[in-house]
Every structure is written in structure tokens, then in C-alpha cells.
Amino acid sequence: MSELAVGIIALCMIYKGGVIEHTYVKDQKMSTCLKMKRTVERSVNPQNVRMACGKIKAMVETDETGRKKITKIIEDKYWCISFILWNVWC
């Protein structure tokens with residue numbers, strides 16, 4: 001069952017017009033998200049994608065092991081990044 005969560009910290013992957021990947025940060029600390037971001041940026045081509053940590057409004061689901069997962073982003077703060085980086089409107 002999904003529940004609405006407001007102000008959760010997530011690591012988002014942004015590519016040509018919007019968020020294409022999102023990861024729930026387990027302990028909900030910005031420092032943990034930034035560590036995850038640095039790790040990912042070392043392994044992907046930074047010219048193609050941008051990683052960003054931030055608070056979002058999303059549907060969050062808890063599986064049978066107790067692990068939380070973002071199922072749908074309701075609102076994020078990255079809509080204008082697309083235009084700034086790639087001159088593409090969402």
C-alpha cells in the first residue's frame with residue numbers, strides 16, 4: 001500500500017526534461033544523500049545526466065522487509081533545471 005509523504009529527501013537523476021530516476025534516502029539525512037550523489041557521479045557521465053538531492057512530495061511504499069521505496073513523484077523542485085541545463089521545457 002502506498003502512502004503520501006511530504007518533504008522526503010530523495011536522490012534524483014535528471015536527464016533532458018525531468019526526473020528519470022529517484023531513490024529514497026534511508027535515514028532521511030541530506031548528508032547521506034550527498035554521499036550517495038558523489039558515489040553515483042563518479043560512475044556516470046556527468047555531461048548526460050545530473051544528480052540532485054532535495055525534498056520532494058511522493059507516494060512511498062513499504063515492502064514486506066520494511067524497506068521504503070518511492071513509487072511516484074507528486075511534486076519536485078527540478079522542473080526549471082531542464083531549461084537551465086538543456087534549454088528544454090518540461
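Starting from 1, each residue takes its place in the sequence as its number. Quantities reported herein were computed from a predicted structural model and do not represent experimental measurements.
Taken together, C53 and C33 meet the criterion of an SG-SG distance shorter than 2.5 Å.
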Subject >> CA sep, side-chain torsions, deciding dist, call: M51, L11, side-chain contact (heavy atoms from CB on, under 4.5 Å) >> reply: CA-CA 7 Å; M51 304 302 294; L11 175 62; 3.8 Å; yes
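Side-chain contact between I8 and I70 is present, with at least one heavy-atom pair separated by less than 4.5 Å. By the 4.5 Å heavy-atom criterion applied to side chains, M59 and L4 are counted as neighbours.
Going from atom CD of E75 over to atom CD1 of I56 covers 10.0 Å, rounded to the nearest 0.5 Å. Between the CE atom of M13 and the CZ atom of R50 there is a distance of 12.5 Å, given to the nearest 0.5 Å. A distance of 9.5 Å separates CG in L34 from CD in E41, rounded to the nearest 0.5 Å. The CE atom of M36 sits 10.5 Å away from the NZ atom of K26 when rounded to the nearest 0.5 Å.
For Q28 (side chain) and I9 (main-chain N/O), a donor-acceptor pair under 3.5 Å exists by modelled atom type.
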